[in-house]
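Each remark here refers to the structure printed beneath this line.
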Amino acid sequence: MIAIVLFGKPGAGKGTQAEFLKEKYNLTHISTGDVFRFNIKNETELGKKAQEFINKGELVPDSITIDMLKKEVEKNMDKAGFLFDGFPRTIAQAEALDAFLQSINLQVTATVALEADDEVLVQRILERGKTSGRADDQDETKIRTRYEEYNEKTAPLIEYYKNQNKYYAVNGIGSIAEITDRLSTVIDRF
Ligand code: AMP
């Protein structure tokens, strides 16, 4: 089994690309953001805990996120591997993921990053906010908070995965198909 981490700032196109890659490589796509939103919509305990953070554009605490991710992995061991989208987002999450995958005889195969300029992405999110119905997409202050969270807590993961020789960056600007091709070139190596 392979385990691919799809990495990138908010709005970089992770979710869009994941839809193509999961089909192409028969992967279980786990978007922690989608799982949280599903739980908020269904008013579960997890949803109630996560909601206040998400609405402010802040990260949900590690312990809540890590527990949820493990459950999602354990429920979905029937495909050729995993595509993690929006996870890990902190060093603690990355370390927990390494330990957890090791405990089930897996490891992160590669981290593939979609690179794009911040200002392009903020505009893209505001545009998406017109139809996504996501409160955290509609307010520029909340979007900026999400970028601050990224810079402070998520960006250090680039070094973390480079140190393990697992970090691959592709240009995230282009047509959807072009970007899928760029990502596939990386994934095809494994
Ligand atoms: P996303 O759909 O990936 O943009 O995530 C939307 C929001 O869900 C984020 O702004 C966070 O509040 C929360 N979230 C998603 N994934 C994580 C994660 N791995 N760690 C903490 N919070 C997360």
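Not measured: the values here are computed from a predicted model. Just so you know, ligand 1 is whichever comes first in the structure, and atom 1 is the first atom listed for that ligand.
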Exercise. Within the structure, does Phe87 bring an N/O atom to less than 3.5 angstrom of an N/O atom in ligand 1?
Worked result: no
Exercise. With a 4.0 Å cut-off, would you call Glu149 and Arg146 a salt bridge?
Worked result: no
Problem set entry | Closest approach of any protein heavy atom to atom 23 (C) of ligand 1, naming residue and atom | Phe36 CE1, 3.8 Å
Problem set entry | Test side-chain contact (heavy atoms from CB on, under 4.5 Å) applied to Gln138 and Ile143, step by step | CA-CA 8 Å; Gln138 287 167 12; Ile143 297 172; over 6 Å; no
For this session: Please could you name the atoms of ligand 1 that Gly33 approaches to less than 4.0 Å, counting only its heavy atoms?
Result: 2 (O), 5 (O), 15 (C), 16 (N)
Exercise. For ligand 1, is there an N or O atom under 3.5 Å from any N or O atom of Gly86?
Worked result: yes
Exercise. For the residue pair Thr145 and Lys56, what are the closest heavy atoms and their distance?
Worked result: CG2-O, 3.7 Å
For this session: Assess the side chains of Asp118 and Tyr150: does a donor N or O sit below 3.5 Å from an acceptor N or O?
Result: no
For this session: With heavy atoms only and a cut-off of under 4.0 Å, state how Arg37 meets ligand 1: side chain, backbone, both or neither.
Result: side chain
Exercise. Going by the atom numbers of ligand 1, which of them fall below 4.0 Å from some non-hydrogen atom of Thr65?
Worked result: 18 (C), 19 (N), 20 (N), 21 (C)
For this session: Give the C-alpha distance, both sets of side-chain angles, the deciding distance and a yes or no for side-chain contact (heavy atoms from CB on, under 4.5 Å) between Val73 and Phe82.
Result: CA-CA 8 Å; Val73 169; Phe82 293 93; 3.7 Å; yes
Exercise. What do we get for Arg146 next to ligand 1 when only non-hydrogen atoms under 4.0 Å count, side chain, backbone, both or neither?
Worked result: side chain
Exercise. When you check the side-chain N and O atoms of Lys166 and Gln107, is any donor under 3.5 Å from an acceptor?
Worked result: yes
For this session: Before accepting this row, confirm whether a basic side-chain N of the pair Glu148/Lys9 lies closer than 4.0 Å to the acidic partner's carboxylate O.
Result: no
For this session: Could you check atom 16 (N) of ligand 1 against the protein and tell me its nearest heavy-atom contact, residue, atom and distance included?
Result: Thr32 OG1, 2.7 Å
For this session: With heavy atoms under 4.0 Å as the rule, classify the contact between Arg134 and ligand 1 as side chain, backbone, both or neither.
Result: side chain
Exercise. Taking only heavy atoms of Gln93, which atoms of ligand 1 are found under 4.0 Å from at least one of them?
Worked result: 18 (C), 19 (N), 20 (N), 21 (C)
Problem set entry | Proximal ligand 1 atoms for Glu58, defined as those under 4.0 Å from one of its heavy atoms | 11 (C), 12 (O)
Exercise. Any idea which protein heavy atom is nearest atom 13 (C) of ligand 1, and the distance to it?
Worked result: Ile54 CG1, 3.8 Å
Exercise. Which protein non-hydrogen atom lies closest to atom 15 (C) of ligand 1, naming both residue and atom, and how far is it?
Worked result: Arg89 NH1, 3.3 Å
Problem set entry | Pair Asn39-Thr44, side-chain donor/acceptor within less than 3.5 Å | yes
Exercise. For atom 22 (N) of ligand 1, which protein heavy atom lies nearest, and how many Å away is it?
Worked result: Val60 N, 3.0 Å
Exercise. Looking at Ile173, Asn171, Val170, which hits side-chain contact (heavy atoms from CB on, under 4.5 Å) with Leu114?
Worked result: Val170
